[in-house]
Protein chains: 4
Amino acid sequence: MNKTKEKIFNAAIDIISQKGFYKATMDEIADKAGVAKGTLYYHFNSKDDILIFLIDEGLSLLKNQILEKISHMKNSVEKLREIIVVQSNFLFKYKDFVLILLSQLWGKEDIQNSFREKIYDYLKIIEDIIDEGIEEKLIERCDKKLLSSAFFGMISSLIIFQFRNNDIIDPEHIADSVIEYTFNGIHYRD
Amino acid sequence: MNKTKEKIFNAAIDIISQKGFYKATMDEIADKAGVAKGTLYYHFNSKDDILIFLIDEGLSLLKNQILEKISHMKNSVEKLREIIVVQSNFLFKYKDFVLILLSQLWGKEDIQNSFREKIYDYLKIIEDIIDEGIEEKLIERCDKKLLSSAFFGMISSLIIFQFRNNDIIDPEHIADSVIEYTFNGIHYRD
Amino acid sequence: MNKTKEKIFNAAIDIISQKGFYKATMDEIADKAGVAKGTLYYHFNSKDDILIFLIDEGLSLLKNQILEKISHMKNSVEKLREIIVVQSNFLFKYKDFVLILLSQLWGKEDIQNSFREKIYDYLKIIEDIIDEGIEEKLIERCDKKLLSSAFFGMISSLIIFQFRNNDIIDPEHIADSVIEYTFNGIHYRD
Amino acid sequence: MNKTKEKIFNAAIDIISQKGFYKATMDEIADKAGVAKGTLYYHFNSKDDILIFLIDEGLSLLKNQILEKISHMKNSVEKLREIIVVQSNFLFKYKDFVLILLSQLWGKEDIQNSFREKIYDYLKIIEDIIDEGIEEKLIERCDKKLLSSAFFGMISSLIIFQFRNNDIIDPEHIADSVIEYTFNGIHYRD
DNA sequence: AATGAATGAGTTTTCATTCAT
DNA sequence: GATGAATGAAAACTCATTCAT
């Protein structure tokens, strides 16, 4: 990604997360990026194309962060813990990107179907680890597809939680809590 | 809600869930409803107004279903179980509405802020029950705001799960699984 | 064709014949028609659509004029003479339309192919009459497809003749000359 | 014309005849020519300039072919026959060029006026021969301007004939037919 | 001679909204 | 209550042209 494309990339995340994809205009993005409108079209084919590029780049970053972190781990429960930590941190560091992503997952149009396909790839990573955990008798036998979806939704929706308590939030604390609830449940024990 | 307004209401849910709010046009909604475009403006002030009406009606319905079901329950854990069951069923019965709702929660514009406020009211119901559960020593001491968000996200994201496995899905089975994971966790036990 | 559509139709012919289809802008057409730009799109789907409508209407008019005139004629040579007269008159009366038509016949894009198809329908009328003439031994045996093309081109190109001599031209005189050359040739006879 | 300019020239004929002058883009022409877009502007001042160059080159070629062929002929009827043969052959050999030329003759803009002026120069050659023929009593007294226009249109429109019958066509046969019709007319004779 | 990234004015198109009937 | 023709501001997109390298 060269200098100009990166300027556009950053401006696009900024504007689109602020106003939403449809209310964001190419004029505003160009303006924010400090380039002419035509320059957007020199680097991207269309407005949709910018969105696709954004989501591809963002999801790649998240995936790579996770794969790198868990590559040298042995224990599948440790891996799941790490995913929660990384995803939580990612959520707060790249909040604007995550908002764009989450706003695009619910449609029935081709472009949204393609975005969901990319999410499925991500969920597949989690499922594989759940599989490992089950084999190692560290995780209870369960519906892994259901679980990975729930997992993703649970963590993602924390962004709504953050909107609500818009004071400073500690991703480490959140990760700890989510791990605790997820593994031990919320049922009272002595 | 009279006959015409109801036709518009149903057409709006249909079209907006299909194409997304911004790609849905007043022409299409009018067409689907079998009325003239002007008629939309007789019953609603604006396109935004239709969306607001949709979300208000849908959330009221969900809230009322839940409040009615749990009103005569004593045990807070039973109440939470019931909420999961009702919300899962709602999710599959009014899938189109839920898709519209979920697509609108992630923006920073006034209208989306107002939608999130409405979600917070809904989460408040869950929080109060968690509070009861903690007092009755049925639920572990926990961050109830965090937990209710996670709760909502987990159940909502099941709609992504359903997109993925677009064969028939049993909401009852899903509710059972979610309850099991939520209360007992996924940690392996003998 | 209602009042508004007719205003647009006339403005389109005016502007497009003046500037050419690609240099004519929707703004100019709307302006000339005395309607808002949006109104163009209420009555036509696109700029191309206006062109297609123009050409359809124009060719229908020409065809109808001819068919009406020759319907009660018996002699095929008389019919051909009449076609030359009608087409010449049409050429000068609806010069702007003819210029638009002629500028669109030479491309390889879908839209131009479709325009040529419409011309072929017109040429078919001429061919049929040539056939009649041959059967009646009034016209020499000849390649009727080649001849009808040549016929069309010869008459149409007179518009270039008129550009050159932009003083007043008498369509009747032109028709007479064309008929004379066509039937008797230009070879000198005593 | 050096190597690069020639590559551009050929690419321009190819692309412009395919898409039409206005739909052809400098990007496409550069792409087809295998040079960078900037290079087009090193060899030509503007897009219009390319078109003007194209038409000048093409018409010069046609004129020179004709003048060369008829220079040693004495009989004016023979000369006219030869013009028809040459023009027909040219039509089929440089079909793409002819399509571009024909698409540009019908506008009222300065550039099209200038193209018509060049056509008039070409028609002048024909007129002069007609004059000769009349003086030599080989051709009937006639309106030579009208006749040369008709002549040009008749031959040019054969390209439409070729579009229609897009199988192989023999220019020699076409030339023979045109000569026959032109000189002797289509009137039936015993 | 040649390049190709950048430009921005100009164009088509969209569509929520209005209003006279 | 209902209509639908008309609107016009706003948007996406195009592309010939420039210019620093």
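If you're wondering where the values come from, they're calculated on a predicted model, not measured in any experiment. Only this structure's heavy atoms are used, side chains among them; waters, hydrogens and symmetry mates stay out. The sequence lines fix the lettering, A, B, ..., with proteins before strands; numbering per chain opens at 1.
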*asked:* In whole Å, I'd like the distance from the OH atom of Tyr41(A) to the C1' atom of dT12(E).
replied: 12 Å
*To the nearest Å, give me how far apart CD1 (Ile29(D)) and P (dA16(F)) are.*
8 Å
*Rounded to whole angstrom units, what separation is found between the OH atom of Tyr22(C) and the P atom of dT11(E)?*
15 Å
*Quick one: on DNA chain E, does Phe21(B) or Asp27(C) contact a more 5' nucleotide (nearest heavy atom)?*
Asp27(C)
_Atom NZ of Lys93(A): over 12 foreign heavy atoms under 6.0 Å_ = no
*asked:* Classify the ring geometry of Trp106(A) against Trp106(B): parallel below 30°, tilted from 30° to 60°, perpendicular beyond 60°.
replied: parallel
_Gly38(D) or Asn2(B), whichever maps to the more 5' nucleotide of DNA chain F_ = Asn2(B)
*Around Asn2(D), counting heavy atoms of other residues, nucleotides and ligands shown, do more than 12 lie under 6.0 Å from its CG?*
yes
*Side-chain N or O of Thr4(B) closer than 4.0 Å to phosphate OP1/OP2 of dA2(F)*: yes
*Is there a Watson-Crick or G-U wobble partner for dT7(E) with both distances under 3.5 Å, and which nucleotide is it?*
dA16(F)
*asked:* Measure CG/Asp49(D) against P/dT17(F) and give the value in whole Å, please.
replied: 9 Å
*Send over the distance from Lys23(D) NZ to dC15(F) P, rounded to a whole Å.*
9 Å
*Pairing of Glu109(D) and Lys19(C) as salt bridge, 4.0 angstrom limit*: no
*Using the C1' atoms only, state how far dA1(E) lies from dT21(F), rounded to an integer number of Å.*
13 Å
*Please state how far atom CD1 in Ile16(C) lies from atom C1' in dT12(E), giving the value in whole angstrom units.*
14 Å
*asked:* Closest approach to the side chain of Ala36(B), judged atom by atom: which nucleotide of dT7(F), dT18(E), dT3(F) is it?
replied: dT3(F)
*asked:* Output the rounded distance in Å from CD1 (Ile8(A)) to P (dA6(E)).
replied: 8 Å
*Atom CG of Asp31(B) and atom C1' of dT3(F): how far apart are they, to the nearest Å?*
14 Å
*Assess whether atom NZ of Lys32(C) is packed by more than 12 heavy atoms of other residues, nucleotides or ligands within 6.0 Å.*
no
*Across the strands shown, which category fits Ala30(C) at heavy-atom distances under 4.0 angstrom: base, sugar-phosphate, nothing?*
nothing
*Quick one: which of dT3(E), dT3(F), dT18(E) gets closest to the side chain of Val35(B)?*
dT3(F)
*Shortest side-chain distance from His43(A), nucleotide among dA6(E), dT3(E), dA12(F)*: dA6(E)
_Base of dT13(E) paired with side chain of Lys37(C) (donor-acceptor, under 3.5 Å)_ = yes
*Return the nucleotide paired to dA9(F): Watson-Crick means purine N1 to pyrimidine N3 with N6-O4 or O6-N4, wobble means G-U with N1-O2 and O6-N3, both under 3.5 Å.*
dT14(E)
*By nearest nucleotide on DNA chain F, pick out whichever of Ala24(A) and Leu40(C) is the more 5' one.*
Leu40(C)
*Among the candidates dT3(F), dG1(F), dT7(F), find the nucleotide nearest to the side-chain atoms of Thr39(C).*
dT7(F)
*Report the C-alpha distance between Asp96(D) and Lys108(C) in whole Å, list the side-chain angles of each, state the deciding distance to 0.1 Å, and finish with yes or no for salt bridge (Lys or Arg N to Asp or Glu O under 4.0 Å).*
CA-CA 10 Å; Asp96(D) 285 342; Lys108(C) 298 170 179 173; 2.7 Å; yes
*Could you check whether Lys47(A) gets within reach of a base, just the sugar-phosphate, or nothing at all, counting any heavy atom under 4.0 Å?*
sugar-phosphate
_Regarding Thr25(C), tell me which of base, sugar-phosphate or nothing describes its non-hydrogen contacts under 4.0 Å with the strands shown._
sugar-phosphate
